[in-house]
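In this text the structure is predicted, and so the values were computed from the model without any measurement. All values below were derived from every heavy atom in this structure, side-chain atoms included, with hydrogens, water molecules and symmetry-related copies excluded.
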Amino acid sequence: MPPLSRWFIKTALVCFVTALALGAAMQSRYLRTALPMLSVIWPTYIHLLMVGWLTGLIFGVAYWLFPRSDRLHPALSARLGWAAYGLMNTGLLLRGATEPVTALDPTTPVRWLLPLAALLQLGGACAFVAMIWPRVRAR
Amino acid sequence: MPRLSVWLIRTALVYLVVGFGLGAVMLAYKVTPFTPVLIARLRPLHVELLTLGWTMNLALGVAYWILPRRASDGERGGETAIALAWVLLNLGVLGVGFGQGSGAPEAPLIGRLAEAVAAGTFAVHAWSRVKPFGSGTGERRSR
């Protein structure tokens with residue numbers, strides 16, 4: 001398994017465990033009272049599952065298993081793959097850190113990091129598609 | 001990779017980028033004062049494109065490609081069924097996504113029915129290709 005796939009899949013596993021732990025914590029009345037952030041953390045929870053876990057796992061397995069293409073130089077393919085990894089996970093982390101804070105205090109200056117998080121995640125998806133598109137082809 | 005898998009997987013990739021793009025717009029507009037109406041309209045499409053559009057097209061495309069071939073002739077078969085599943089799944093995704101966002105009451109129902117028929121069509125095709133090692137030809141050729 002190539003290093004990029006290992007990074008994608010292991011990061012996806014961390015997101016999986018973190019998301020389910022958050023899901024459990026959100027159900028605890030005691031914890032919601034002690035940590036008000038848990039009452040607004042639903043979007044972080046669902047995006048950790050859908051983007052961090054599921055999409056990260058798919059990216060890692062696709063990079064590993066899809067047929068190689070001679071239309072894209074291997075070095076460029078690897079650079080796009082690492083860009084996808086870095087952009088998507090940085091965006092997800094930034095979103096996870098800023099969205100609950102913004103939900104609790106809509107005037108916080110931190111809210112201006114949300115568009116950056118959005119652009120990073122979109123950039124990650126675009127880099128992945130640019131890398132994998134030439135490898136999805138009929139024989 | 002068979003041509004139908006290429007259609008399904010490339011459709012999934014288009015949904016991935018469009019779905020993330022809609023998500024980015026929604027997230028960016030959270031910091032502006034006129035967000036609720038826009039977000040309420042975009043959210044159903046964003047959710048549908050990513051939960052069913054991205055993941056289901058990808059899953060069906062990879063499954064059609066990689067499941068063992070039929071024992072009888074060593075082919076995957078089912079081209080018409082898979083093409084029909086692709087059309088129905090994507091009509092369903094777009095119907096539900098746009099229907100919920102626009103408030104058209106019938107579109108989500110019709111869309112969900114189309115998605116269900118797509119799932120059934122694919123399942124009927126795939127059923128006979130899910131088999132133990134050594135029960136037929138093609139496991140090695142399925143890549």
Sub-4.5 Å side-chain heavy-atom contact between B/Ser5 and B/Ile66 = no
request  = Using heavy atoms and a sub-4.5 Å threshold, report which of residues 18-33 of chain A line up against chain B, by residue number.
outcome  = none
Side-chain touch A/Arg71/A/Arg137, heavy atoms, less than 4.5 angstrom = yes
task = Measure B/Val25 against the heavy atoms of chain A and call it side chain, backbone, both or neither at under 4.5 Å.
result = neither
task = Kindly determine whether B/Glu48 and B/Arg43 satisfy salt bridge (Lys or Arg N to Asp or Glu O under 4.0 Å), including the steps that lead there.
result = CA-CA 8 Å; B/Glu48 193 69 16; B/Arg43 181 176 286 128; over 6 Å; no
request  = Give, as side chain, backbone, both or neither, the part of A/Leu120 having an atom under 4.5 angstrom from any heavy atom of chain B.
outcome  = neither
request  = With a 4.5 Å heavy-atom cut-off (strictly below), which parts of residues 78-89 of chain B touch chain A? List them by number.
outcome  = none
inquiry  = Heavy-atom pairs under 4.5 Å with chain B - which of A/Ile58, A/Thr102, A/Leu119 has more of them than the others?
reply    = A/Ile58
B/Thr55 versus chain A, the contacting section by heavy-atom distance below 4.5 Å = side chain
Min side-chain heavy-atom separation A/Gln121-A/Leu87 under 4.5 Å = no
inquiry  = Let me confirm one number: the CG-CG distance from A/Leu94 to A/Asn89, rounded to the nearest 0.5 Å.
reply    = 12.5 Å
ask   = Which residues pass the side chain to side chain donor-acceptor pair (under 3.5 Å) test with B/His46, sequence neighbours left out?
value = none
message = I'd like to know if the side chain of A/Thr11 pairs up with that of A/Tyr85 as donor and acceptor (distance under 3.5 Å, no hydrogens or angles considered).
response = yes
query = A/Ser5 side chain to A/Gly60 main-chain N or O, any donor-acceptor pair under 3.5 Å?
reply = yes
message = Taking the ring centre of each residue, are A/Phe8 and A/Trp82 less than 6.0 Å apart?
response = no
task = Look at the side-chain heavy atoms of Ile, Leu, Val, Met, Phe, Trp and Tyr, link any pair under 4.5 Å apart, and say whether A/Leu65 and B/Leu58 land in one connected group.
result = yes
ask   = Who among A/Ala62, A/Gly91, A/Pro67, A/Cys126 has the most heavy-atom pairs with chain B under 4.5 Å?
value = A/Pro67
ask   = Are side-chain heavy atoms of A/Phe16 and A/Leu57 found at a separation under 4.5 Å?
value = no
query = Are any non-hydrogen side-chain atoms of A/Thr44 and A/Ile41 less than 4.5 angstrom apart?
reply = yes
message = Do A/Arg95 and A/Leu113 make a side-chain contact, defined as non-hydrogen atoms from C-beta onward lying under 4.5 Å apart?
response = no
request  = Would you mind checking which part of B/Leu50 comes under 4.5 Å of any heavy atom in chain A, side chain (CB onward), backbone (N, CA, C, O), both or neither?
outcome  = backbone
ask   = Once the angle between the rings of A/Phe128 and B/Trp54 is folded into 0 to 90°, is it parallel (under 30°), tilted (30 to 60°) or perpendicular (over 60°)?
value = perpendicular
inquiry  = If the contact rule is any heavy atom under 4.5 Å from chain A, which residues of residues 15-22 of chain B qualify, in numerical order?
reply    = B/Leu16, B/Val17, B/Phe20, B/Gly21
ask   = Do we get B/Arg129 above B/Tyr64's six-membered ring, with its NZ or CZ under 6.0 Å from the centre and within 45° of the axis?
value = yes
query = Does B/Ile9 reach the side chain of B/Asn57, with side-chain heavy atoms less than 4.5 Å apart?
reply = no
